Amino acid sequence: MLDSLLALGGLVLLRDSVEWEGRSLLKALVKKSALCGEQVHILGCEVSEEEFREGFDSDINNRLVYHDFFRDPLNWSKTGEALPGGPLGALRAMCNRTDLGPVTIALDSLSWLLLHLPCTTLCQTLHTVSHQDSCPGDGSPVGKVHVLGLLHEELHGPGPMGALSSLAQTEVTLGGIMGQASARILCRRPRQRPTDQTQWFSILPDFSLDLQEGPSIESQPHSDPHIPPVDPTAHLTFNLHLSKKEREARDNLTLPFQFSSEKQEALLRPRPSQATSHIFYEPDAYDDLDQEDPDDDLDI
Amino acid sequence: MFPELNNLLNTTPDRAEQGVNLTMARERGQLVFLEGLKSAVDIFFQAQEKPHPLQFLREANAGNLKPLFEFVREALKPVDSGEAGWTYPVLLVDDLSVLLSLGLGAVAVLDFIHYCRATVCWELKGNVVVLVHDSGDVEDEENDILLNGLSHQSHLILRAEGLATGFCRDVHGQLRILWRRPSQSTSQRDQSLTYQYKIQDRSVSFFAKGMSPAVL
């Protein structure tokens, strides 16, 4: 899945963290695009051109157009060397490109842009860049545009992250376990359900992608199979089980408050063998004994 | 000076240093020291002809550190007396968290370090070493942005923290070493190491977790 990320057009977010850096993957995807014959533009704000080009061989480097915003991004040197319009100007210029071939634009990094530009402006520009369907002039279809944005997760709040997520067709979140890197790929294709997959990988020194199975199972801790599980019900001082006789006696017992038909008849028909109960009443001096039945006036 | 730390970081200095006399270095021009506290007092009580490195202290709204960066760049300019200038400069910043407390935004401080990197590391092939404090349990958004932004800009992160179990006389803390730019030779597995340390008179001794000579 990781190697077919560039098949769809649109914005691909590479979310990395301090622990699992994403520039190597960005460079690997840039290399893939260059090998496919695409033209690759790099908006470099975080590292120098030499550092970005390091590790690529010359035929790949020839296909990379590096827009250098590392040396003087804020125009502090005022020597006039800085590119006019800054990174935003360069990004907007890519919206109005005249050549029709497929192109990949790598933003290194999208976090730098998000920290220095208003979120709405950046989102609008990204939307325009990644949704170029036809050339503004004659309406002829333009080759696919792939925008790869490197985003440092810890630097931004949920608002801007959510806005960029909603713009992106694919989101790759980098992570890993025990030195093995993984990429969680969330892919949203139009009119299809989003897919969510995890791919283990490593980047080789020449920035080619090496897809892997995942960390080996022996390295994960689990219980020793040679020790048999202990039965907690053995060697108790009390009895947890019933014998057959005890079970039958228990089943035959009627509960005191269970109202069965035998009980009902016993209550309704007083048995002559049973002594009826008597009530012995010793009236007090203050008792008012009225022989009249108070319920006489009831018409039952 | 720190042979054990050199081993941990897989580096070997070109010459074994016997010791450094900072006063002499300052007189020779090898060491340039900006004393922040003293400078800050100057800016308030003395008239300034040209922009002071800590000019942002006088500004009403959140400023930037361009004057401070220009001070750094001036200090690194080769002396034009004909002799060879100092090579491979090192910029030490102690510490960046203070700048946040003085009212600068995290992005302004990150921009300053970005420009320092461009000049010191890329142009002059030197190194920048920066100290920043982690706010720990306290929620400090600006400091977190500064810390994480710096981490992403760094090639090597040394994270010193106390022991989880508290104070110990023989083990003063724990150092986590994180390489963010894996060189071609090291595998992904060697990216992060954790060691415990004890600070001594003029050096620091390191040992693996639980292997302090005091407890063995």
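Residue numbers begin at 1 in each chain, while the letters A, B, ... track the order of the sequences. All figures in this text were calculated on a predicted structure; none of them were measured in a lab.
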Please give me the minimum heavy-atom distance between S17(A) and R180(B), naming the atom from each residue.
O-NH2, 3.7 Å
Restricting to non-hydrogen atoms, name the atom on S48(A) and the atom on W122(B) that form the minimum distance, rounded to 0.1 Å.
CB-CD1, 3.3 Å
E141(B) versus chain A, heavy atoms under 4.5 Å apart: side chain, backbone, both or neither?
neither
Pairs meeting criterion salt bridge (Lys or Arg N to Asp or Glu O under 4.0 Å) with involvement of residues 89-100 of chain B, two or more places apart
none
Heavy atoms from other residues, nucleotides or ligands near CZ of F44(B) exceed 12 (cutoff 6.0 Å)
yes
Around atom NZ of K31(A), are there more than 12 heavy atoms of other residues, nucleotides or ligands at under 6.0 Å?
yes
Smallest heavy-atom separation, P73(A) atom then H114(B) atom, equals CG-NE2, 3.7 Å
Could you tell me the separation between the NE2 atom of H116(A) and the CG atom of L110(B), rounded to the nearest 0.5 Å?
7.5 Å
Against chain B, label H156(A) side chain, backbone, both or neither, depending on which of its atoms sit under 4.5 Å from a heavy atom there.
neither
How close do V18(A) and N148(B) get, counting heavy atoms only, and between which atoms?
CG2-OD1, 4.1 Å
Check this for me, if you would: do R159(B) and E19(A) make a salt bridge, where the nitrogen-to-carboxylate-oxygen distance has to be below 4.0 angstrom?
no
Heavy-atom pairs under 4.5 Å with chain A, option from D111(B), T119(B), L146(B), I145(B) with the top count
D111(B)
Between L155(A) and G149(B), which heavy-atom pair has the shortest distance, and what is it?
CD2-N, 3.2 Å
Contact check, side chains of D16(A) and H152(B), non-hydrogen atoms, under 4.5 Å
yes
Give the member of E46(A), E51(A), R23(A) that has the highest number of heavy-atom pairs under 4.5 Å with chain B.
E51(A)
Of the listed E123(B), H155(B), E70(B), the one with the largest count of heavy-atom pairs under 4.5 Å with chain A is H155(B)
Could you report the tightest heavy-atom contact between W76(A) and K66(B), atom names first, then the distance?
O-CE, 3.3 Å
Taking atom NZ of K38(B) as the centre, does the number of heavy atoms from other residues, nucleotides or ligands within less than 6.0 Å exceed 12?
no
Residues, nucleotides or ligands: over 12 heavy atoms within 6.0 Å of E139(B) CD
no
